[in-house]
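Right, one structure below, let's go through it.
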Amino acid sequence: MFNRRDFIKKASNVSLGAFGLASGIISIANAADAPSSDALANVLDGAFQDLLKLSPGLCTSIGADKGPLAFQKSKLDHADKASRDRYLAFGRGLKTSLEAIDRNSLQGMDRINYDTVLWDASHTIDGANRFQGTSAGGNPYPISQLTGSYQSTPDFLDSQHAIETRDDAEAYVARLHEYAAVLSEETANFNEDCAIGLTPPDFILRRTLEQLTPMTRKRAADNNLVRAFAAKLRSKGIRGNFVARANAAVGGPIHRALVAQAAAVNAKLNGASGAAGIWRLPQGAERYEYAIKGSTTTNMTAGEVHRLGLDKVAEITSQINTILNAQGITEGTPGQRMAALNNDPRQHYPNNDAGKAELLRHLNHLVEEVYKKVPDYYNVLPKAKLEIKRVPVEVEAGAPGGYYNSGALDGSRAGAYYINLRDTKEQPKWLLPTLTFHEGVPGHHFQIAIQQEAALPMLRKIQGFNAYAEGWALYSEQVADEMGMYENDPFGKVGMLHDALFRAVRLVVDSGMHAKRWSRDQAINYMVQYTGDQVSAATTEIERYVVWPGQALGYMVGKIEWVRLRERMRAHLGDRFSIKDFHDTGLLAGSVPLAVLEQVYRDKGYVG
C-alpha cells in the first residue's frame with residue numbers, strides 16, 4: 001500500500017518548534033489585500049517547503065534530496081519529543097494560516113485544496129489535543145510488528161536511498177548512525193507509552209520479538225543494510241572504506257540499539273494483556289472513534305461500521321455462492337469452498353525461487369493486459385512506470401500480503417507494487433489478478449502517480465487519505481471486472497468477490513475487536529469462516545488491525561462512496577455520462593476526504 005499521509009502520521013501527537021509555517025504566515029500577514037487564491041498558494045507552497053525541511057525521509061521518498069536539500073540525504077526523521085513538537089507546530093501553523101483566508105472567496109480547485117488541507121491539519125491537531133502518547137492518537141503503539149524504524153528503515157534505505165556517487169555513499173553511512181539514534185528514541189517512546197497504559201497486547205509483543213530477535217543475532221556482514229549497500233557500490237564502481245564503516249555501524253551502535261529495543265519489548269511481556277482491542281487503553285473508545293474518522297473521513301460510529309460490515313458480508317457471500325454453484329462446487333459453506341480452492345495444488349506456484357519468479361512474471365503479464373484496455377476507461381494515464389517487487393525477506397513475516405509505494409515526484413524512481421512471497425500458498429493463483437489490479441493498475445499506481453503528475457500544489461501531491469485511496473483501489477477491482485479481465489475466468493471473478501468480501505469482513509472484525517471487545521481468536525475465526533483464508537494469513541491480517549485500529553475500514557467505506565458518486569453522476573447526466581470523465585475528475589483532484597470528493601463532482605456539475 002501507498003506510504004500515505006507522511007506528515008499526518010508523524011504530526012498526530014507532535015507539537016511545533018523551530019520551523020513553524022514561516023513562509024505561509026508571513027505571506028498572509030504582509031499581503032492582506034492579496035487575492036485569497038494567491039494567499040492560499042503562498043500558504044501551501046510555504047508549507048511544502050517547510051515540510052521538506054522537517055522530513056529527510058520525505059525528501060528522499062519524493063526525490064527532493066538533492067541540490068539545496070542534499071544535506072537531508074544524510075539524515076532520517078527522528079522520533080524524539082523535540083522532533084514531534086516541530087511537527088505539531090507545523091500543523092498548528094498551517095491551520096492558523098488557512099483560517100486567516102476567506103474560504104468564501106475561493107472557487108474551484110482552490111476551495112478543494114483549502115478544504116482538504118484544513119481537514120487534515122484539524123484532524124491531526126484534534127488528536128494531539130485529546131490523547132496522550134508519543135504515537136498517533138488512533139495508532140497507539142510506536143513499536144510493533146508493523147510499526148517502528150527497526151522494520152521500516154532497512155526497507156527505506158534499500159529501496160529509496162539511491163547510490164550513484166561517493167556523496168551518496170557517505171550519506172548512507174551517516175544514515176546508519178542516524179538509524180541507531182532513532183531506534184533508541186523509539187525505545188524511549190515505547191517505555192514512556194507503556195508507563196501510561198499504552199502497552200501492546202502480549203501476542204503483539206511476541207510477534208514483534210519474532211522479528212526483532214533474529215536481527216540482533218545476525219552478523220553485520222550478513223545484514224542487508226551492509227550486503228545490499230556493498231552490491232550497489234560494486235555496481236557503480238565506487239571505491240573506499242564505505243563497506244567497512246557500514247559494517248562497523250551495523251555491528252556497533254545499530255546492534256546495541258536493537259538489543260536494547262528487544263529487551264524493552266521483552267520486559268513488557270510479563271503482565272501484558274491478551275485483549276486485542278484498544279477499548280482497554282486510556283480513552284479507548286474515544287481513540288477508536290478518532291481512528292474511524294481518520295480512516296474513513298466520515299463521522300461513522302463503531303456501531304454503524306459493524307452493521308455495514310455484517311450487511312456487506314451477507315450480500316457478497318450470496319454472490320460468491322451463486323458463482324460457485326454454477327461451477328458445480330456445492331459442498332460446504334462459501335468460505336469452506338474457497339478454502340478448498342486455496343488448498344488446491346493447481347492454484348499454487350512452487351514455494352521456491354523458481355516458483356516465485358514465475359509468479360512475478362505472471363503479475364507483469366496481467367499489468368500488460370490491463371494497459372491494453374484502459375484507453376476505453378480513462379483519458380488521463382500516468383507517465384510513471386510500475387515495478388513489481390517482492391517484500392524484502394527481512395520483514396516479510398509481519399508484512400501485509402501486498403502494498404504499493406509511490407515513485408519519486410521527479411520520475412527518477414518508479415512506483416512499486418510489493419507482493420509478499422514468504423509462502424506462495426498464501427498467494428493462490430485465483431486471487432492474484434485482483435491483488436494486482438488493486439495495488440497496481442488501475443488501482444493505487446494510477447491514483448497515486450496521476451496525483452503526483454497533476455496540476456496540484458506540491459503539498460497536495462504528497463497528501464493522502466485512506467478512504468479515498470483504498471476506496472479507489474477496491475473500486476478499481478470492480479472496474480477491472482467491467483473491463484472484461486475476468487471474462488471466461490469464473491474463479492478469477494470469485495477472487496474479485498472474495499477480496500471485496502475480505503474488505504467487508506474487515507469492517508466486522510476491526511469494530512468487533514476495538515469496540516465490541518472481540519478477542520484476537522474470535523476475529524481470526526470469523527475471517528477464516530467467511531473468506532476461507534488460511535489461518536496464518538488471517539492471523540497476520542487480524543494482528544495488523546490490532547496495531548492499526550481503523551485503517552482497514554477505509555477500503556469498503558471508500559469504495560461505496562466512489563460507486564455512489566458514479567451512479568449519481570450517471571443519473572444526473574443521463575446520456576451525457578462518460579466513465580472517462582468520472583475517472584479523470586476524481587483522479588485529477590488528488591486524494592481528498594470523502595465529503596470533499598463529493599464537492600469535486602458537484603463543482604463540475606456532475607451531481608446535483
Side-chain angles (χ1 to χ4, degrees), residues 1-12 14 19 44 47-79 83 86-87 90 120 136 146-164 167-168 171-172 174-176 178-179 182 225 228-229 232 382-387 389 391-392 395 399-400 403-418 439 444-445 447-454 456-466 469 590-591:
M1 283 164 273
F2 170 36
N3 290 335
R4 285 169 278 283
R5 311 186 68 198
D6 282 333
F7 88 82
I8 297 304
K9 283 183 179 177
K10 293 171 184 141
S12 268
V14 290
F19 290 114
L44 298 185
F48 178 71
Q49 296 302 323
D50 285 344
L51 188 56
L52 291 179
K53 296 172 189 174
L54 280 169
S55 178
L58 174 63
C59 284
T60 293
S61 293
I62 67 174
D65 57 353
K66 56 194 71 170
L69 291 170
F71 71 94
Q72 293 286 56
K73 193 163 188 176
S74 62
K75 301 179 182 296
L76 292 173
D77 293 23
H78 281 259
S83 298
R86 285 192 285 271
Y87 274 104
F90 170 87
D120 219 346
L146 291 175
T147 55
S149 61
Y150 86 91
Q151 55 84 38
S152 62
T153 298
D155 180 39
F156 168 78
L157 291 176
D158 182 40
S159 63
Q160 299 193 41
H161 184 107
I163 302 291
E164 300 290 340
D167 285 346
D168 294 338
Y172 182 92
R175 272 183 160 167
L176 291 179
E178 290 265 307
Y179 176 36
V182 175
L225 287 168
F229 179 47
K232 291 174 183 177
K383 299 174 185 175
K385 302 298 183 184
L386 174 68
E387 295 179 351
K389 302 179 179 182
V391 172
V395 299
Y403 56 88
Y404 176 82
N405 278 350
S406 57
L409 282 179
D410 63 2
S412 60
R413 188 185 65 252
Y417 152 33
Y418 284 86
E439 302 295 347
H444 282 314
H445 181 62
Q447 180 256 307
I448 294 164
I450 288 173
Q451 175 174 328
Q452 290 182 329
E453 296 164 7
L456 294 169
M458 293 299 290
L459 187 65
R460 289 283 332 282
K461 287 177 182 282
I462 63 171
Q463 199 170 24
F465 294 87
N466 191 52
S591 191

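Bear in mind that the values here come from a model prediction, so they are computed numbers and not experimental data. For this chain, numbers begin at 1 and follow the sequence in order. Every heavy atom of this structure was used, including side-chain atoms; hydrogens, water molecules and symmetry mates were not.
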H445 side chain vs E387 backbone, donor-acceptor pair below 3.5 Å: no
Contact check, side chains of K66 and D410, non-hydrogen atoms, under 4.5 Å: yes
Approximate separation, where rounding is to 0.5 Å, of R413 CZ and N405 CG: 8.0 Å
Flag side-chain contact, heavy atom, 4.5 Å: I62 against I462: yes
Side chain proximity check, S149 to Y179, heavy atoms < 4.5 angstrom: yes
Contact summary for Y418 and S159, nearest pair of heavy atoms: OH-CB, 3.4 Å
Donor-acceptor pair between S591 and Q463 side chains, under 3.5 angstrom: no
Exercise: identify the closest heavy-atom pair between Q72 and S55: NE2-C, 4.1 Å
Donor-acceptor under 3.5 Å (K73 side chain, D167 main chain): no
Residues in side-chain contact (heavy atoms from CB on, under 4.5 Å) contact with A174, at least two apart in sequence or another chain: S74
Side chain proximity check, L456 to Q451, heavy atoms < 4.5 angstrom: yes
F156 and D77, any side-chain heavy atoms less than 4.5 Å apart: no
Polar side-chain atom of S152 near backbone of G148 as donor-acceptor pair, under 3.5 Å: yes
Distance-minimising heavy-atom pair for R175 and T60: NH2-OG1, 2.8 Å
Heavy-atom check, side chain of V182 versus side chain of Y150, under 4.5 Å: no
Donor-acceptor contact present, side-chain H444 to main-chain S406, <3.5 Å: no
Salt-bridge present (D158, K232; N to O < 4.0 Å): yes
Minimum heavy-atom distance between L459 and A47, given as atom pair plus value: CD2-CB, 3.9 Å
Approximate separation, where rounding is to 0.5 Å, of L54 CG and Y87 OH: 5.5 Å
Heavy-atom side-chain contact between E178 and H78 under 4.5 Å: yes
Test item: Q452 side-chain N/O and L409 main-chain N/O as donor-acceptor pair under 3.5 Å: no
Parallel, tilted or perpendicular: rings of F229 and Y172 (30°, 60°): parallel
Close side-chain approach of I450 to P382, heavy-atom, < 4.5 Å: yes
Nearest atoms (heavy-atom pairs only) where S61 meets Q160: OG-OE1, 2.8 Å
Residue pair F48, L44: steps toward the side-chain contact (heavy atoms from CB on, under 4.5 Å) verdict: CA-CA 6 Å; F48 178 71; L44 298 185; over 6 Å; no
Non-hydrogen atoms of P154 and L225 that approach each other most closely: CA-CD2, 3.8 Å
